[in-house]
Amino acid sequence: MSAAGCTNPEIAIEMRVRFRVRPREAWRHALGWTLQETAERISTRPGTAIAADASLVGKWEKWPGPSSRRPTLQVLVALATVYGCEVETILDIEDRRALPDSDLRILQHHAREQALAPASAHASMEPPAEPDPVLSAAADSASWAQWAEATNVGEIALEQILADVRTLAYDYLTGDALALFNRTRTLRDRVFALLEGHQPPRQSADLYVSAGYLCGLLAWMTSDLGNLRAADTHGRTAWLCAENAGHDGLRAWVCSTRSKIALWDGRLRDAVNHARRGSLVNVGGTVGVLLACQEADAWAVLGAVDKAEDALSRAARAREAIVGEDDIGGLFSCPQARQKNYAAAVHLRIGRPHAALRETQSALGLLATQPVRAYGTEAQIHIGRASALLDCGEADGIMPALLPVLAMPAERRMGPVTQRMRELAAAMARGAGARASATTAARRSITEWCADSAPRHLALSSGVGAPALV
């Protein structure tokens, strides 16, 4: 266009129409300047008090879009001056809608003065004097205050987001895992987008709390769906959100989530360390109970009987000392049946099957009184009961105990449940009655059941190679 004799204004207009760029960016490209070259011209302009860099120029160009910075009138005048055009030329309708009324009035007054002034006056008029630096500094402070006061999220929206997080945490106990994963991911993306915008620090903290719980949910769901590597990624992001929010309750629940992932990934010392780290945070609700249970579970797998028993005792004391309610609930809570399920698993691992049998019987009694029953916890309790019956020498009771589990649809056969079923089948193969027809039939049923687990049924990644769920 330059070679064809087109002017800079004509080139800028063509840039805007053809490439849909903002007017300030169009003018810069029309002149062939980089962001850094533009910043240097503004900063070195005689009499200017503007310190610009390439990043700041880019944010001025993107305004009023996301991740942008509103240019003050002083900045707009400087840009127009170095571009050799009028201020009105580097503004479009979106800019005008977003500008403060006070800035618009100044621009309109300037435009009227320019229109009314005779041509001779324009020709002989000396360059306008630089603005009073004291008044200019005050205007910049006022403009920044307007920017700082603005927000892209309201109080009602923040409340609704947290309410949606609670709903997801409850629904996951009984709902379709993959559908809830997608709902959780969608809400997480929305919260991330809001955090990339602008809001006061207090609202940013609230958004980080919601983002942290959502990443914690994704971590738990992803591990249940069979991808422990991707789950740990969500867990690390959840911890970052907890740190940015300075929220102890979120910290504790993230530690619980990461302990669970580490246990099923075979990183037993990490599981213990995460649980202990979470226990150091003094918060209300049931998270202290769950953390102690998880530590006991990890110690039991390691064969540290005394430490496992001590952790179970701390879980019981934490239950007695509960103050307040859980902030989120649902998956982020530890009702008594869940605690007893952990206790049963620990007793089985340290060689106390009769104690495990008592815990599973008590847990099933508690579940019978609950209006909402978490199918994952319930399945693990039934498996624990079958395992305890095997170790107690009551093999005839194994299949009746497993019937509720074997009846589960494939999409509900999460990773921890299928793993415990495999462990049960392996224990049956090692038992005294391994070759009995009833035992062989039971093992065959378990093997077929595990072959159609949720990750395989839904064709999800197992965590080997690139994760499918992130």
task = Output the distance between atom CG (Leu367) and atom CD1 (Ile381), rounded to the nearest 0.5 Å.
result = 4.5 Å
key: Distance in Å, Leu79 CG paired with Trp27 CH2, rounded so as to fall on 0.5 Å steps   = 12.0 Å
message = Please evaluate residues Asp297 and Arg349 with respect to the criterion salt bridge (charged side-chain N to carboxylate O under 4.0 Å, His left out), reporting the C-alpha separation (whole Å), side-chain torsions for both, the decisive distance (0.1 Å), and the verdict.
response = CA-CA 8 Å; Asp297 208 14; Arg349 285 171 173 144; 2.2 Å; yes
key: Atom CD of Gln361 with >12 non-hydrogen neighbours under 6.0 angstrom   = yes
key: Sidechain-backbone polar pair: Arg24 side chain, Trp60 backbone, donor-acceptor under 3.5 Å   = yes
key: Close side-chain approach of Trp220 to Tyr172, heavy-atom, < 4.5 Å   = yes
task = Give the intermediate values and the outcome of side-chain contact (heavy atoms from CB on, under 4.5 Å) for residues Arg251 and Cys255.
result = CA-CA 6 Å; Arg251 286 189 180 106; Cys255 285; 5.5 Å; no
query = Donor-acceptor pair, Glu37 side chain versus Thr34 backbone, under 3.5 Å?
reply = yes
task = Salt-bridge test for Arg258 and Asp270: reply yes if a basic N is under 4.0 Å from a carboxylate O, no otherwise.
result = no
message = Taking the basic N atoms (NZ, or NE/NH1/NH2) and the acidic carboxylate oxygens, is any pair closer than 4.0 Å for Lys307 and Glu295?
response = no
key: Smallest separation among heavy atoms of Leu195 and Ala211, with atom names   = CD1-CB, 4.2 Å
inquiry  = Measuring only between side-chain heavy atoms, which start at C-beta, is Leu402 closer than 4.5 Å to Leu424?
reply    = yes
message = Main chain of Asp92, side chain of Asp95: is a donor-acceptor contact present, judged purely on distance under 3.5 Å?
response = yes
inquiry  = Pairing donors with acceptors under 3.5 angstrom, does anything connect the side chains of Gln336 and Arg319?
reply    = no
note = One should read off an interatomic distance between Ser387 OG and Gln380 CD, to the nearest 0.5 angstrom, of 10.5 Å
request  = List the atom of Ala169, the atom of Ile328, and the distance in Å for their closest heavy-atom pair.
outcome  = CB-CG2, 3.6 Å
query = Quick check: does any side chain N or O of Trp449 sit under 3.5 Å from a backbone N or O of Val405, one acting as donor and the other as acceptor?
reply = yes
query = Considering only heavy atoms from C-beta outward, does the side chain of Leu217 approach that of Thr257 to under 4.5 Å?
reply = no
ask   = Is there a donor-acceptor contact under 3.5 Å from the side chain of Ser43 to the main chain of Glu40?
value = no
inquiry  = Under a plain distance cut-off of 3.5 Å, with no hydrogens placed, do Lys260 and Ser223 share a side-chain donor-acceptor pair?
reply    = yes
key: Any Trp63 side-chain heavy atom under 4.5 Å of Arg69 side chain   = no
query = Side chains of Asp248 and Asn282: does their closest heavy-atom pair fall under 4.5 Å?
reply = no
key: Residues Glu61, Arg22: salt bridge by 4.0 Å N-O rule   = no
query = Nearest 0.5 Å, what's the CE-CG distance between Met414 and Leu225?
reply = 5.5 Å
key: Trace of the side-chain contact (heavy atoms from CB on, under 4.5 Å) decision for Gln203 with Glu155   = CA-CA 8 Å; Gln203 291 182 329; Glu155 295 299 322; 3.0 Å; yes
task = Could you grab the distance from atom CG of Leu91 to atom CG of Leu99, nearest 0.5 Å is fine?
result = 6.0 Å
inquiry  = Is the shortest side-chain heavy-atom distance between Phe332 and Leu290 below 4.5 Å?
reply    = no
task = Step by step, work out the salt bridge (charged side-chain N to carboxylate O under 4.0 Å, His left out) result for Glu394 and Arg385.
result = CA-CA 11 Å; Glu394 302 178 28; Arg385 179 173 174 78; over 6 Å; no
query = Below 4.5 Å, heavy atoms only, C-beta onward: do Leu302 and Arg269 meet side chain to side chain?
reply = yes
remark   = What one should report as the nearest heavy-atom pair of Ser68 and Pro64 is OG-C, 3.8 Å
CZ (Phe192) with more than 12 external heavy atoms under 6.0 Å = yes
task = Any chance you could lay out the side-chain contact (heavy atoms from CB on, under 4.5 Å) test for Thr360 and Lys340, step after step, and finish with the verdict?
result = CA-CA 7 Å; Thr360 59; Lys340 289 185 176 294; over 6 Å; no
ask   = Under the 3.5 angstrom rule, does the side chain of Ser210 hit a backbone N or O of Leu207 as a donor-acceptor pair?
value = no
query = Would you say the side-chain atoms of Thr377 pair up with the backbone N or O of Ala374, donor to acceptor, closer than 3.5 Å?
reply = no
Step-by-step side chain to side chain donor-acceptor pair (under 3.5 Å) determination, Asp326 to Thr286 = CA-CA 6 Å; Asp326 295 310; Thr286 62; 2.8 Å; yes
remark   = Nearest heavy-atom contact between Ala275 and Ser259 is CB-OG, 3.8 Å
key: Worked check of side-chain contact (heavy atoms from CB on, under 4.5 Å) between Thr38 and Ile42   = CA-CA 6 Å; Thr38 304; Ile42 294 172; 4.0 Å; yes
ask   = Below 4.0 angstrom, N of the basic side chain to O of the carboxylate: do Arg373 and Glu378 qualify?
value = yes
task = Could you tell me whether Asp53 and Lys59 make a salt bridge, using a distance below 4.0 angstrom between a side-chain N and a carboxylate O?
result = no
message = We want to know whether Thr222 and Asn227 form a side-chain donor-acceptor pair, criterion being a heavy-atom distance below 3.5 angstrom.
response = no
query = Ignoring hydrogens and geometry, is there a side-chain-to-backbone donor-acceptor pair from Tyr375 to Gly175 under 3.5 Å?
reply = yes
key: Which atom of Arg413 lies closest to which atom of Leu406, heavy atoms considered   = NH2-O, 4.2 Å
query = Between Ser362 and Arg358, is there a donor-acceptor pair closer than 3.5 Å when you use the side chain of the first and the backbone of the second?
reply = no
Non-hydrogen side-chain atoms of Leu158 and Leu162 separated by less than 4.5 Å = no
key: Sidechain-backbone polar pair: Arg412 side chain, Asp176 backbone, donor-acceptor under 3.5 Å   = no
message = If we check side chain to side chain contact (heavy atoms under 4.5 Å, CB included) with Leu214, which of these qualifies: His234, Arg190, Arg188, Arg185?
response = Arg188
note = Trp253 and Ser333 have their tightest heavy-atom pair at CH2-N, 3.3 Å
note = Rounding to 0.5 Å, atoms CE (Met221) and CZ (Phe181) come to a distance of 8.5 Å
